[in-house]
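All remarks here apply to the structure that follows.
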Amino acid sequence: SESGADILITLGDQPLKWFSSHFGTKSLLSAYGKGPNEYGRLHPIPEKIGGRIMKLLPLVHPRQADRLGSHSPDWYKLHKHWFDNVAPTLLQNGMM
């Protein structure tokens with residue numbers, strides 16, 4: 001069955017790389033921006049998915065977001081900033 005979701009969320013570079021090979025998006029998370037004014041924003045997906053127009057929300061892998069095992073302190077800080085400041089208003093503001 002179809003989810004009906006309008007937003008596709010990728011977690012880390014591997015899922016994003018796979019997705020980009022099929023739908024024409026950027027293949028690396030860092031290509032969407034590594035600053036607090038860029039990370040965690042909605043991006044248009046150039047191709048329709050199942051006949052639908054959707055948006056992409058590329059985020060870090062949970063390992064980065066929760067400082068599990070090998071992780072980058074920079075990505076952790078960026079995700080924390082996003083979680084605290086951007087995520088609560090992401091859909092309200094229609095951020096792109």
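All residue numbers refer to positions in the sequence shown, counting from 1.
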For a quick test of your reading: what N or O donor-acceptor pairs under 3.5 Å do the side chains of residues 31-40 make, sequence neighbours left out?
{"unit_1": "Tyr32", "atom_1": "OH", "unit_2": "Lys26", "atom_2": "N", "d": "3.0"}
{"unit_1": "Glu38", "atom_1": "OE1", "unit_2": "Lys34", "atom_2": "N", "d": "3.1"}
{"unit_1": "Glu38", "atom_1": "OE1", "unit_2": "Gly35", "atom_2": "N", "d": "3.1"}
{"unit_1": "Tyr39", "atom_1": "OH", "unit_2": "Val60", "atom_2": "N", "d": "2.9"}
{"unit_1": "Tyr39", "atom_1": "OH", "unit_2": "His79", "atom_2": "ND1", "d": "2.7"}

In sequence, state the C-alpha distance, the side-chain angles, and the governing distance for Ile53 and Asp6, and then conclude on side-chain contact (heavy atoms from CB on, under 4.5 Å). CA-CA 7 Å; Ile53 296 172; Asp6 293 324; over 6 Å; no
Separation between CD1 of Ile7 and CG of Leu56, rounded to the nearest 0.5 Å: 10.0 Å
Minimal heavy-atom distance between Thr89 and Asn85, with the atoms involved, is OG1-O, 4.0 Å
Ignoring hydrogens, what is the shortest heavy-atom contact between Glu47 and His22? Give both atom names and the distance. OE1-O, 3.7 Å
Can you list everything that forms a side chain to side chain donor-acceptor pair (under 3.5 Å) with Asp66? Sequence neighbours excluded, please. none
CG/Leu90 to CZ/Arg41 distance, rounded to the nearest 0.5 angstrom? 7.5 Å
Checking side-chain contact (heavy atoms from CB on, under 4.5 Å) for the pair Thr10/Trp18: CA distance, chi angles, key distance, verdict? CA-CA 10 Å; Thr10 56; Trp18 177 88; over 6 Å; no
In short, Leu11 meets Pro62 closest at the heavy-atom pair CB-CD, 4.0 Å
Run the ring pair (Phe, Tyr, Trp, His ring centres under 6.0 Å) test against Tyr76 and tell me which residues pass, sequence neighbours left out. none
For the atom pair NZ (Lys55) and CG (Leu8), what is the distance rounded to the nearest 0.5 Å? 13.5 Å
Not counting sequence neighbours, which residues clear ring pair (Phe, Tyr, Trp, His ring centres under 6.0 Å) with Phe83? List them please. none
Is it true that a side-chain atom of Asp13 and a backbone atom of Leu29 form a donor plus acceptor pair closer than 3.5 Å? yes
Please list, chain by chain and in numerical order, all residues satisfying salt bridge (Lys or Arg N to Asp or Glu O under 4.0 Å) with Arg63, sequence neighbours excluded. none
Test side chain to side chain contact (heavy atoms under 4.5 Å, CB included) applied to Lys77 - qualifying residues, sequence neighbours left out: none
Keeping Arg52 on the side-chain end and Ala5 on the backbone end, is there a donor-acceptor pair under 3.5 Å? yes
Are any of the side-chain heavy atoms of Thr25 and Pro46 separated by less than 4.5 Å? yes
About how many Å separate NZ of Lys48 and CZ of Phe23, when rounded to the nearest 0.5 Å? 13.5 Å
Which atoms form the tightest heavy-atom contact between Pro88 and Asp84, and what is the distance? CG-O, 3.9 Å
Would you compute the distance between atom OG of Ser20 and atom CG of Leu28 and round it to the nearest 0.5 angstrom? 8.0 Å
OG/Ser72 to CZ/Arg67 distance, rounded to the nearest 0.5 angstrom? 12.0 Å
